[in-house]
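Have a look at the structure below, then the notes.
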Amino acid sequence: MKSAVETLNPTRVRLTVEVPFEELKDSLDAAYKKINQQVTVKGFRKGKIPARVIDQRFGRGAVLEEAVNDALPKLYTEAVNEAELNVLGQPDVDITELKDGELLAFTAEVDIRPAIEIPDYSGIEVTVDAVEVTDEDVEKSVEQLRERFASTSPVERAAAEGDVVTIDLEAKVDGEVLPDGVANGVSYTIGSGELLDGIDEAVTGLEAGGEATFTSTLKGGSAEGKEAEVTVKVTQVAARELPELDDDFAQMASEFDTLDELKADSRKRLENMKQFDQATQAQERVLDELLKLAEVPIPEKLLEDEVNTRKHNLEHHQLGQMGLTLDKYLELQGKTAEEFDAETRDQAVKGIKTQFILDELVSQEKLNVNQEELTEHLMRRAASSGMSPDQFAKAVVEGGQVPMLVGEVARGKALAVVVEAAKVVDTNGEPVELDDDEDEAAEAADAAETAEAATEASEDKSEA
């Protein structure tokens, strides 16, 4: 077999392949065998029809077509490997010559990963938020914990903000009660804003047994978006009682003996959260600076597929779960279809560039993924998916997605290398050390999540 490569542009090549006919022998034999099992000829047992009879009855062309279809994938793969091409997606194949007994020639156009020159990233500088926890932050955190331990008790008075009321609701549109417009025994905290617009004003001041009617735009259900006349009846008013902020509360709500210990722990937790946010912010901003420095040609077909994948996932998975159409989503976001398309394209370009650059860094730095790093990343992915680690691991193995996870961690390690070389300061001008309290596995997993967020669906396309 002879093959040649023609570069059409930095991301696409054309392979020209010539195959001596004798190399098709196995595929020709397989073609005759397959046709033998599919047809019957009087006078011959099934599967025992001679090749010359098949040629006479069904045409040599049918045999050649079957043989070529069988041989092409293997021949294409051999040509790709011989040329050491890093291909993306499926090729466009065109048979240019087929001479029975002599020659098969074909061309295959396919996208490839472009050659990328990694820029000098040692001069990258970024600024991130300082880790500052105020007394007000701590008080707010403790107050939120206090709210979780609030109790309620029925009262015989008019409902006021902060009270928990039990209500019955009935919604009418054009004078007709909606099929899904009746709900009884609903518990609602006045001022929470969790139900319909206008309900707070309607129930405030009502005692048990009181009733009011108001107009509101429905947020869901069969008449979503329509204006409805809603009747609300209060069946119970209950006051919320918060526990006293003292040592007894600390013992009830935590493992600590004193309120001071509880507050100290809250401060430490808030600091840890802000340090994690700071590290994530540093990774994201360093990545953005790296993308600005690198020239990365984008394969148009890959970009088109990526844009379509992102739009499909949003429309049919994320929005579908929320009961929203794309048009309704754009309306809520205040975006036009053109703005959404441009934004999706920009995100797709960023995802593809991120994967290409970080993969090249993985190769240049000879980065490997050990079992601890992979396990750490798997645990985090499992937690974010709502599955147990065992369930997630089983799904990953059965779906053949282990290489994908390894790739995510490897790209995370590549990003960590760039972050380590960058100068990171906080808004107070103080240098930020990002790895003092983290081991390598956790660092790789954190950076992997940042890199994964940038690449999103690009990985599946470019691995094809």
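Quick caveat: nothing in here was measured; it's all calculated off a predicted structure.
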Is the shortest distance from a Lys or Arg side-chain nitrogen in [X] or [Y] to a carboxylate oxygen in the other one below 4.0 Å?
{"X": "Lys172", "Y": "Glu176", "value": "no"}
{"X": "Asp92", "Y": "Arg14", "value": "no"}
{"X": "Glu343", "Y": "Lys335", "value": "yes"}
{"X": "Lys226", "Y": "Asp174", "value": "no"}
{"X": "Glu300", "Y": "Arg345", "value": "yes"}

Would you mind reporting whether [Y] and [X] have side-chain heavy atoms less than 4.5 Å apart?
{"X": "Thr336", "Y": "Phe340", "answer": "no"}
{"X": "Ser254", "Y": "Asp265", "answer": "no"}
{"X": "Phe106", "Y": "Val68", "answer": "no"}
{"X": "Leu358", "Y": "Leu361", "answer": "yes"}
{"X": "Thr107", "Y": "Val93", "answer": "no"}
{"X": "Leu326", "Y": "Leu319", "answer": "yes"}
{"X": "Glu229", "Y": "Val173", "answer": "no"}
{"X": "Asp129", "Y": "Asp277", "answer": "no"}

For this session: With salt bridge (Lys or Arg N to Asp or Glu O under 4.0 Å) as the test, would you mind laying out the steps for Asp135 and Lys263 before giving the verdict?
Result: CA-CA 9 Å; Asp135 291 343; Lys263 288 183 176 182; over 6 Å; no
Hey, what do you get for [atom1] ([X]) to [atom2] ([Y]), rounding to the nearest 0.5 Å?
{"X": "Lys274", "Y": "Glu132", "atom1": "NZ", "atom2": "CD", "value": "7.5 Å"}
{"X": "Lys233", "Y": "Asn184", "atom1": "NZ", "atom2": "CG", "value": "9.5 Å"}
{"X": "Leu195", "Y": "Asp200", "atom1": "CG", "atom2": "CG", "value": "8.5 Å"}
{"X": "Leu85", "Y": "Leu15", "atom1": "CG", "atom2": "CG", "value": "5.5 Å"}
{"X": "Glu304", "Y": "Thr309", "atom1": "CD", "atom2": "OG1", "value": "10.5 Å"}
{"X": "Asp305", "Y": "Asp111", "atom1": "CG", "atom2": "CG", "value": "9.0 Å"}

Problem set entry | Derivation and outcome, side chain to side chain contact (heavy atoms under 4.5 Å, CB included), residues Thr235 and Asp168 | CA-CA 7 Å; Thr235 60; Asp168 298 334; 3.6 Å; yes
[Y] versus [X], side-chain donor and acceptor atoms under 3.5 Å:
{"X": "Thr231", "Y": "Glu211", "result": "no"}
{"X": "Thr280", "Y": "Glu284", "result": "no"}
{"X": "Asn9", "Y": "Thr11", "result": "yes"}
{"X": "Thr134", "Y": "Asp137", "result": "yes"}
{"X": "Ser122", "Y": "Asp120", "result": "yes"}

Shortest non-hydrogen contact between [X] and [Y], atoms and distance:
{"X": "Tyr188", "Y": "Gly193", "result": "OH-N, 3.4 Å"}
{"X": "Val142", "Y": "Phe249", "result": "CG1-CE2, 4.4 Å"}
{"X": "Val432", "Y": "Asp426", "result": "CG2-N, 3.6 Å"}
{"X": "Ala228", "Y": "Ala171", "result": "CB-CB, 4.5 Å"}
{"X": "Ala108", "Y": "Pro91", "result": "CB-CB, 4.2 Å"}
{"X": "Pro243", "Y": "Arg146", "result": "O-NE, 2.7 Å"}

For this session: Could you check Glu365 against Lys413 for salt bridge (Lys or Arg N to Asp or Glu O under 4.0 Å), going step by step and ending with a plain yes or no?
Result: CA-CA 10 Å; Glu365 298 290 337; Lys413 294 185 73 171; over 6 Å; no
For this session: Could you go through the side chain to side chain contact (heavy atoms under 4.5 Å, CB included) check for Val110 and Leu88 one step at a time?
Result: CA-CA 7 Å; Val110 66; Leu88 303 169; over 6 Å; no
If you count every heavy atom of other residues, nucleotides or ligands that lies below 6.0 Å from [X] atom [atom1], does the total exceed 12?
{"X": "Gln144", "atom1": "CD", "answer": "yes"}
{"X": "Met379", "atom1": "CE", "answer": "no"}
{"X": "Glu136", "atom1": "CD", "answer": "no"}
{"X": "Glu295", "atom1": "CD", "answer": "no"}
{"X": "Arg240", "atom1": "CZ", "answer": "yes"}

Exercise. After noting the C-alpha distance and the side-chain angles of Ile357 and Leu290, does the key distance pass the side chain to side chain contact (heavy atoms under 4.5 Å, CB included) rule?
Worked result: CA-CA 9 Å; Ile357 293 173; Leu290 177 64; 3.8 Å; yes
For this session: Indicate yes or no for a side-chain donor-acceptor contact from Ser385 to the backbone of Ala382 under 3.5 Å, with no hydrogens or angles considered.
Result: yes
Exercise. Donor-acceptor pair, Glu373 side chain versus Asn370 backbone, under 3.5 Å?
Worked result: yes
For this session: With sequence neighbours left out, write down each residue that passes side chain to side chain contact (heavy atoms under 4.5 Å, CB included) with Arg157, or none if nothing qualifies.
Result: Val155, Ala160, Asp163, Ala239
Problem set entry | Set of ring-ring contact (aromatic ring centres under 6.0 Å, His included) partners for His316, sequence neighbours left out | His312
Exercise. For Lys34 and Glu65, what are the C-alpha separation, side-chain angles and deciding distance, and is it a salt bridge (Lys or Arg N to Asp or Glu O under 4.0 Å)?
Worked result: CA-CA 12 Å; Lys34 181 176 181 180; Glu65 181 180 359; over 6 Å; no
For this session: Would you check, one step at a time, whether the test side chain to side chain contact (heavy atoms under 4.5 Å, CB included) holds for Val418 with Val286?
Result: CA-CA 7 Å; Val418 182; Val286 167; 3.6 Å; yes
For this session: Give the intermediate values and the outcome of side chain to side chain donor-acceptor pair (under 3.5 Å) for residues Asp180 and Ser222.
Result: CA-CA 7 Å; Asp180 54 356; Ser222 61; 2.8 Å; yes
For this session: Verify salt bridge (Lys or Arg N to Asp or Glu O under 4.0 Å) between Glu289 and Lys292, making sure each step is shown before the conclusion.
Result: CA-CA 5 Å; Glu289 292 302 313; Lys292 291 177 186 177; 3.1 Å; yes
